[in-house]
Amino acid sequence: LAAVAGRPTSMVALAASCPDPQPLSDFLQSLREVRQVVHLDECRVDGAPLLEFLAKAFRWDLVKVVLEEMEHEESLCTLGSFKALACSEAFICPPQEVTDLLNGHLLTEKAVGSRARTLKEYFERQLQGEIASEAMIPFGFRLEDGVLIDSSDKCRVLDRVSCLQGAGPGTPTVFVFVSVPPETFAAVIAAAAESSCAMLPANLDGLLATARDPSEAGAWLPVSCPASSFSQSASGSDSIHIPTGKVPTPYVRPPSIQVQVMTPCCRKPVAGVLVHVDGHRAGVTDSGGFLLLALPPGKHEVSAPGVARQAESVEVKQGWSKGPEEVKLETSGEVLAFLNDVGSEGEEWRRGIFVGVSRDRIPAGAEPFLGLAAILTRPAGGGGGVSRGRFGAVCTVKAGQRCDGPLHTLQAQLGMYTPPENAAVKRTLMNFASGHDSGFLASCFHAWTTHAKLQRRRSRGSSLMQSVAYYPNADAARWVIALHMQDECALAKLFEVPLRLGGLIATERQQQPPCATRRPSSPA
């Protein structure tokens, strides 16, 4: 620590106080070269986390340096949660490159989880049901053939958590690392490699154990055991003692539930959905829409925030069962519309109109397509990072309905505002109308164009756009039709990537509206 005005300040914070971003970049690189871990959320300036402090000071150049460092494959910087950072009140109107970097980190955190600070945290998250990934392994360890090995190659930890009999609901438990002989460790590795493994061939009675991350050389097993079986001594020689009549070998918890996420219209599986158990990240569905989880005994709530409208409750029984219980989640069927900049050319300001079904997949910098307030200017007053709840549904596809009809209708409604030279495309899009007459998007577009024309009359030569036109993406309609012909679900595909319906082009613009859309996204 260094002292500034009598207050302790981290060296990282000192480097960040320089007007030039190069000292911070060089310092982080030096820490990486000497393999020094940096917990960024512990680096505070005036009581605020470092990145939040820099954002409040509009030092986006330094925020960019830190986020770029964390993209480095060998970076040793950690952050408790990118989601918390994105939701911070400090993250208002950052530059596009910062929102892109943060959005990339958010998607990675959602897909593979955040890095654990300690081995104990890494395995405790597995005990709660979270699917482990290599990205979650704490710094200083690497994974080889099912074993976590430290940088010295002397400390080896089995990458599979187990439990002793009696470690369950209503019983005080403790998580420990048990030291086992090399020959026992070899047998355990071979057994753990089998998918049908239920018990590990290791008698733990009388073996040394520690409730802290192992720091000594040897082979270790991560075990959840009853508190009564863990004996602590004043000399530090803690050990495991199994009561008479109890099984001394640990068991591996089998998969207890199988989650499947489907669309309400076509009953098609949805891949890549982040599933939560009891409010915590559990894992992501595979290509078949499935996720197998090994949950501890007890009642649990399974949900898919931002995707499924309702959560499902499930109770995992103590002891062995015939197989995992099925839990089905149905997506909400909501279709979301949003605006996103697609660049400018000369005096034309271009924004794309996109539709999607997942708020988590809405890119950084996007704004809801909800009328003039969100399109022309940024709402006054700030108020924190982007709230995914602001992206309301323009329509909802219900069970038994065709999922292609609403998409054609939305495109047809917007097609009414195409310029004369696109009359043929306009007539084609209008033919796709399916009788849906809510006119929501048409009303929003009419409000915007009316406001723009009114502003032109009131303030000639102002910085606002003076004409607006909609240019449809004709390939969007073909894409939806092709999906229907191939018996595929449009909602399932839209979960993977949003669809660009077309673009809005505003001409005779003198300057871009102030800071309209530069905010990071925040997954549920």
Closest heavy-atom pair, Cys265 versus Val397, reported as atoms and distance to 0.1 Å, is CB-CG1, 3.7 Å

I'd like to know if the side chain of Ser256 reaches the main chain of Leu295, judged simply by a donor and an acceptor atom lying under 3.5 Å from each other, with no hydrogens or angles considered.
yes

Mark yes or no for whether Arg142, through its side chain, and Leu148, through its backbone, hold a donor-acceptor pair below 3.5 Å.
no

Show the numbers, then the answer: is there a side-chain contact (heavy atoms from CB on, under 4.5 Å) between Val157 and Leu119?
CA-CA 9 Å; Val157 183; Leu119 280 177; 4.1 Å; yes

Heavy-atom pair of closest approach, residues Gly333 and Leu491:
CA-CD1, 4.0 Å

Counting only N and O atoms by type, is there a donor-acceptor contact under 3.5 Å from the side chain of Thr285 to the main-chain atoms of Gly272?
yes

At their closest point, which heavy atom of Ser332 faces which heavy atom of Thr396, and how far apart are they?
O-CG2, 3.6 Å

Is it the case that over 12 heavy atoms from other parts of the model lie below 6.0 angstrom from the CD atom of Glu315?
yes

Minimal heavy-atom distance between Leu274 and Pro305, with the atoms involved, is O-CD, 4.2 Å

With a 4.5 Å heavy-atom cut-off, do Leu483 and Cys489 have their side chains touching?
no

Find the distance between CG (Asn473) and CZ (Arg478) and round it off to the nearest 0.5 Å.
8.5 Å

Considering non-hydrogen atoms only, spot the tightest contact between Ser162 and Pro250 and give its length.
OG-CB, 3.4 Å

Can you find a heavy atom in the side chain of Phe338 that is under 4.5 Å from one in the side chain of Pro498?
yes

For Ala476, does its backbone N or O pair with a side-chain atom of Arg500 as donor and acceptor, under 3.5 Å?
no

So CG of Leu50 and CD of Glu52: to nearest 0.5 Å the spacing works out to 10.0 Å

Check whether any side-chain heavy atom of Thr331 lies under 4.5 Å from a side-chain heavy atom of Val261, and answer yes or no.
yes

Spell out, as yes or no, whether a donor-acceptor pair under 3.5 Å connects the side chain of Arg281 to the backbone of Ala111.
yes

Beyond-backbone contact of Asp145 with Ile189, side-chain heavy atoms, under 4.5 angstrom:
no

Under 4.0 Å between a Lys/Arg side-chain N and an Asp/Glu carboxylate O for Arg359 and Glu334?
yes

Is it true that Glu121 and Arg125 make a salt bridge, defined as a side-chain N closer than 4.0 Å to a carboxylate O?
yes

Determine whether His276 and Glu301 make a side-chain contact, defined as any pair of heavy atoms from C-beta on separated by less than 4.5 Å.
no

Looking at every heavy atom in both Val161 and Phe175, which two are closest together, and how far apart are they?
CG2-CE1, 3.6 Å

Separation between NE2 (His300) and CG (Leu293), nearest 0.5 Å, reads 10.0 Å

Exam field: side chain Asp159 to backbone Val147, donor-acceptor pair closer than 3.5 Å
no

Should the heavy atoms of other residues, nucleotides or ligands under 6.0 Å from NZ of Lys120 be counted, would the total exceed 12?
yes

Would you say His280's side chain and Glu130's backbone share a donor-acceptor pair under 3.5 angstrom?
no

Working to the nearest 0.5 Å, report the span between CG of Leu67 and OG1 of Thr99.
10.5 Å

Does the pair Val273 and Ser358 meet the rule for a side-chain contact (heavy atoms from CB on, under 4.5 Å), with working shown?
CA-CA 9 Å; Val273 177; Ser358 171; over 6 Å; no

Calculate, to the nearest 0.5 Å, the distance between atoms CG and CG belonging to Leu221 and Leu158 respectively.
6.0 Å

Salt bridge (Lys or Arg N to Asp or Glu O under 4.0 Å) assessment of Lys328 paired with Glu330
CA-CA 7 Å; Lys328 295 184 182 295; Glu330 190 176 273; over 6 Å; no

Look only at the side chain of Arg361 and the backbone of Glu496, and say whether a donor-acceptor pair between them is shorter than 3.5 Å.
yes

If you apply the rule side-chain contact (heavy atoms from CB on, under 4.5 Å), what do you find for Leu101 with Lys64, and how did you get there?
CA-CA 8 Å; Leu101 285 168; Lys64 180 183 176 183; 3.8 Å; yes

Test item: Ile131 and Leu291 side chains (from C-beta on) under 4.5 Å apart, heavy atoms:
yes

Salt bridge or not between Lys268 and Asp487? Use side-chain N to carboxylate O under 4.0 Å.
yes

Reported CD1-to-CG distance for the pair Ile137 and Leu143, which is rounded to 0.5 angstrom:
4.5 Å

Are side-chain heavy atoms of Pro296 and Arg253 found at a separation under 4.5 Å?
yes

Set out, in order, the CA-CA distance, both residues' side-chain angles and the distance that settles side-chain contact (heavy atoms from CB on, under 4.5 Å) for Arg160 and Gln126, then state yes or no.
CA-CA 9 Å; Arg160 192 162 187 179; Gln126 289 188 43; 5.8 Å; no

Do the side chains of Thr263 and Cys403 get nearer than 4.5 Å, heavy atoms only?
no

